[in-house]
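One-based numbering along the sequence shown.
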Amino acid sequence: MTPRIPGNDHRVLTPPEPGAWTPSLRVSVVVPAYGGQDKLDLVLAGLAGQSYPAELTEVIVVDNGSDPPLRLPALRPPGTRLIACPVPGRAHARNAGLAAATGDVIHWLDSDVVLDRLSVEAHMRWHHVAPYLVVTGYLRFTPAELPTPEAVAAAGDLAELFEPAEPHAWLVDLIERTGGLTDNPHRAFSLHVGGATSVGAALLTAAGPMDTDLILGQDTEMGYRLAQAGAVFVPEPLSRAFHLGPTMRMRGKAPIDRVSHAFVADRIPSYRWLRSHPARQWKVPYLEVVVEAGGRAGYDEVRATVDAVLAGTLPDVAVTVVGPWDRVAAEGRAPLRNPDLESALVRGHYAHEGRVRFALTAPEAARVTVPYREGATPYPGERPEGERRPEGERGSVTAAPYRLRLPAGWTPDEDTLARLLDLAVEGEYGLVSVLLAEETGNAGDAGDQGNADGAEGTEGTGDTRGGASEGGDGDAGLVTARLERTAAFARAAIVAGEGEDLDDAVDDVFGVLWVDGETYGFTTGPRQITGRRSAYRARTEARAEADRLAREAERLRGEVARWKEESGRWRRNAVELRREVGGLRKELAAARKELAAARKVMQLGLLSSVRRALARRR
């Protein structure tokens with residue numbers, strides 16, 4: 001049974017200890033090279049001394065147009081081949097090596113990286129535990145003089161030859177900040193660096209080869225696609241390697257980032273900080289919304305839904321409308337009698353909208369959405385040999401990290417999609433099911449009617465058909481929308497047992513959440529769309545009102561300050577008055593004492609006079 005890893009928590013796996021197990025998988029080490037024969041000799045010498053069985057190892061050196069051509073030295077692994085790729089570019093060389101590889105695991109290795117003798121075994125012990133892992137070793141960058149290939153092959157510890165060396169600082173920092181990539185699974189794909197990384201061959205088949213249109217950032221972009229294919233990324237400290245000299249990034253990080261970001265922004269939706277523009281479109285959207293046309297869903301219902309999606313606060317979105325586009329034909333004589341009029345109206349209305357695509361069937365949860373193109377075979381495996389893929393198709397998984405299946409006629413509020421995505425991202429859910437309504441009629445009939453126009457959904461993914469959903473939980477009669485995380489469903493497809501519902505497997509590896517549609521702003525029928533001009537005026541008025549309120553607040557702060565000063569003055573006056581009153585009270589008390597004394601003297605004097613008068617009369 002394939003082990004189930006929640007998120008990117010590879011700690012649930014227990015790989016065997018090096019030297020204490022019996023391997024069985026074959027590994028293909030792909031080494032693209034351009035010049036640098038002296039360094040390549042050291043790389044092959046390091047591979048010749050690996051502890052992983054030589055009979056399970058093949059090494060493919062890809063000469064990317066070196067002048068003079070590269071050669072294979074005497075000191076090399078027995079299963080080493082040299083092939084040529086004259087098309088310049090590391091991605092082209094990698095793809096040539098990948099095409100020639102026969103192993104169960106592909107181990108990328110740069111032609112200036114020397115592996116410690118346990119490195120390949122340290123990688124492969126993980127791949128024997130689970131088939132959907134991406135394992136990266138720890139690189140150190142050495143300025144040491146180049147030793148001889150014989151010294152490399154004989155060394156028990158490469159540190160004796162290459163230390164002191166600098167660590168791969170940003171990679172070590174990423175691993176430490178995320179608890180070994182277990183705390184932030186959304187960025188784990190950044191671990192895919194080409195210097196010393198291994199990937200299951202089946203996983204690479206699903207994700208597709210290197211993007212040869214990129215100048216820089218090919219490793220990271222491939223890591224993103226591997227994540228969408230269901231990969232778990234594992235840092236392996238037992239795998240040590242020495243990079244001979246500094247990397248190009250170490251020599252100039254800022255200019256390298258400038259060039260890389262210009263290209264990867266279009267292809268990696270997870271790099272949200274590179275997509276700060278409020279309106280532009282990107283090659284790979286952050287969200288794909290799937291809406292089914294046909295059956296009970298006519299032109300008006302589809303238009304209401306699609307227009308509401310495109311008018312939301314999330315511009316990084318594409319819409320796939322599912323319908324019988326292969327049989328929709330224009331009716332020149334009697335268009336109102338066209339049996340496919342509703343579908344023809346939908347296709348005609350959105351034919352030139354760049355964010356709307358057309359597909360014949362609803363995409364499976366873990367497979368690519370291939371736009372329908374008239375006159376072309378639309379699906380992998382059905383395309384004539386040599387015919388180019390439709391733009392955007394790569395392997396068998398969609399590159400968009402999230403997909404929302406939304407019944408036609410249901411419209412999200414302006415901020416609904418952004419809120420749902422925030423919920424899914426922050427909670428790291430693989431599926432957010434939105435309860436829109438409960439069907440009061442016969443759900444089975446509704447489902448049959450919804451499929452009558454040839455737009456079949458995917459079994460077991462809970463697709464909405466004509467408004468009724470037969471979700472993975474078996475909730476027939478419920479009208480639902482489903483926000484699916486591509487990586488979660490790809491992983492679930494890998495680990496699910498025979499006959500197991502895919503949603504249950506998603507719940508195990510990422511988690512499932514149900515929410516109420518009304519709470520998140522879903523309603524039926526068309527919405528009043530706020531145009532950009534109206535939105536601009538609203539923003540302008542809001543800014544003007546904010547400025548007015550700021551000025552008023554400033555005026556009131558001045559008034560408050562003035563009254564504070566006035567109240568302080570009155571407090572000081574009150575203190576002075578209290579002092580004066582106190583003085584007066586003291587003077588009054590003294591006067592009262594003097595008056596009492598005078599009265600007493602007068603009384604004594606009068607009494608003496610009376611006494612003398614009485615004495616004379618006697």
Ionic contact status for Glu221 with Arg225, cut-off 4.0 Å: yes

Output yes when Arg280 and Asp266 qualify as a salt bridge under the 4.0 Å nitrogen-oxygen rule, no when they do not. yes

For Arg81, is the CZ atom crowded, meaning more than 12 foreign heavy atoms sit under 6.0 Å from it? yes

Determine whether a donor-acceptor pair (N or O, by modelled atom type, separation under 3.5 Å) exists between the side chain of Arg491 and the backbone of Gly230. yes

Could you list the residues that satisfy side chain to side chain contact (heavy atoms under 4.5 Å, CB included) with Pro6, not counting sequence neighbours? Asp9, Val12

Should Lys39 and Asp110 count as an ion pair when the cut-off is N to O under 4.0 Å? no

Parallel under 30°, tilted from 30 to 60°, perpendicular over 60°: which one fits the rings of Trp108 and His192? perpendicular

Closest heavy-atom pair, Pro131 versus Thr2, reported as atoms and distance to 0.1 Å, is CD-CG2, 3.8 Å

For Thr57 and Gln50, which I'm curious about, is there any donor-acceptor pair between the side chains at under 3.5 Å? no

Does any part of the side chain of Arg11, heavy atoms only, come nearer than 4.5 Å to the side chain of Thr182, both counted from C-beta? yes

When you look at Val152 and Leu75, which way does the side-chain contact (heavy atoms from CB on, under 4.5 Å) test go after all the steps? CA-CA 10 Å; Val152 169; Leu75 185 52; over 6 Å; no

Can you sort out the partners of Asp316 under salt bridge (charged side-chain N to carboxylate O under 4.0 Å, His left out), two or more places apart, ordered by chain and number? Arg272, Arg275

If you define the side chain from C-beta out and look only at heavy atoms, does anything of Leu44 sit under 4.5 Å from Pro149? no

Closest heavy-atom contact between Val105 and Ser198? CG1-CB, 4.0 Å

Would you check if the distance from the ring center of Tyr271 to the ring center of Phe189 is below 6.0 Å? yes

Under the ring-ring contact (aromatic ring centres under 6.0 Å, His included) definition, can you give me all pairs with a residue in residues 59-107, not counting sequence neighbours? His107-His123

Less than 4.5 Å apart, side chain to side chain, heavy atoms only: is that true for Ser111 and Tyr34? no

Set out, in order, the CA-CA distance, both residues' side-chain angles and the distance that settles side-chain contact (heavy atoms from CB on, under 4.5 Å) for Leu171 and Leu191, then state yes or no. CA-CA 7 Å; Leu171 186 62; Leu191 186 75; 3.4 Å; yes

Minimum side-chain heavy-atom gap Pro16-Thr22 below 4.5 Å: no

Any donor and acceptor pair, going by atom type alone, linking the side chain of Arg117 with main-chain N or O of Ser51 inside 3.5 Å? no

Give the intermediate values and the outcome of side-chain contact (heavy atoms from CB on, under 4.5 Å) for residues Asp157 and Asp116. CA-CA 7 Å; Asp157 187 351; Asp116 182 82; 4.3 Å; yes

If we only count heavy atoms from C-beta on, is the Pro401 to Arg485 side-chain gap below 4.5 Å? no

Measure the spacing between CG of Leu287 and CG of Leu483 and express it to the nearest 0.5 Å. 6.5 Å

Could you walk me through whether Leu98 and Arg94 pass side-chain contact (heavy atoms from CB on, under 4.5 Å), step by step? CA-CA 6 Å; Leu98 178 61; Arg94 284 269 194 88; over 6 Å; no

Contact check, side chains of Thr220 and Val264, non-hydrogen atoms, under 4.5 Å: no

Which atoms form the tightest heavy-atom contact between Gly97 and Val30, and what is the distance? CA-CG1, 3.8 Å

Mind checking the CZ-CG spacing from Phe263 to Leu216? Nearest 0.5 Å is all I need. 8.5 Å

Exam field: side chain Glu58 to backbone Thr102, donor-acceptor pair closer than 3.5 Å: yes

Would you give the length of the straight line joining atom CD1 of Ile494 to atom OH of Tyr132, rounded to the nearest 0.5 angstrom? 7.5 Å

Sequence neighbours excluded, which residues qualify as salt bridge (charged side-chain N to carboxylate O under 4.0 Å, His left out) partners of Arg76? none

Arg405 (side chain) donor-acceptor with Glu484 (main chain) under 3.5 angstrom: no

With sequence neighbours excluded, give me every side-chain hydrogen bond (donor to acceptor under 3.5 Å, both in side chains) pair touching residues 138-151. Arg140-Glu163

With sequence neighbours left out, the residues meeting salt bridge (charged side-chain N to carboxylate O under 4.0 Å, His left out) with Asp38 are none

Plane angle bin for His10 and Trp126 - parallel if under 30°, tilted between 30 and 60°, otherwise perpendicular: perpendicular

Sub-4.5 Å side-chain heavy-atom contact between Ser239 and Val135: no

Identify which one of Arg403, Glu288, Arg357 satisfies the side chain to side chain donor-acceptor pair (under 3.5 Å) criterion when paired with Thr320. Glu288

List the residues meeting salt bridge (charged side-chain N to carboxylate O under 4.0 Å, His left out) with Asp63, not counting sequence neighbours, and say none if there are none. none

Under the side chain to side chain donor-acceptor pair (under 3.5 Å) rule, collect the residues that match up with Arg71, sequence neighbours excluded. none

Closest heavy-atom contact between Pro209 and Asn95? CB-OD1, 3.2 Å

Look up atom CG in Leu42 and atom CD in Gln37, then write down how far apart they are to the nearest 0.5 Å. 10.5 Å

Not counting sequence neighbours, which residues clear ring-ring contact (aromatic ring centres under 6.0 Å, His included) with Tyr52? List them please. none

Min side-chain heavy-atom separation Met222-Val199 under 4.5 Å: no

Which distance, rounded to the nearest 0.5 Å, do you find between the CG of Leu72 and the CG of Leu40? 7.5 Å

Can a donor-acceptor pair be found, under 3.5 Å and without considering hydrogens, that links the side chain of Arg90 to the backbone of Asn64? no

All heavy atoms of Ala400 vs all of Thr486, minimum pair found to be O-OG1, 2.6 Å

Nearest heavy-atom neighbours spanning Val232 and Asn8: CA-OD1, 3.4 Å

What residues form a side chain to side chain contact (heavy atoms under 4.5 Å, CB included) with Ala231, not counting sequence neighbours? Val134, Leu203, Leu226, Phe233

Distance from Arg355 atom CZ to Tyr350 atom OH, nearest 0.5 Å? 10.5 Å

Side chain to side chain contact (heavy atoms under 4.5 Å, CB included) involving Ala154 - partner list, sequence neighbours excluded: none

Got a sec, which residues hit side chain to side chain contact (heavy atoms under 4.5 Å, CB included) with Ala91, two or more places apart in sequence or on another chain? Met210, Thr212, Gln218

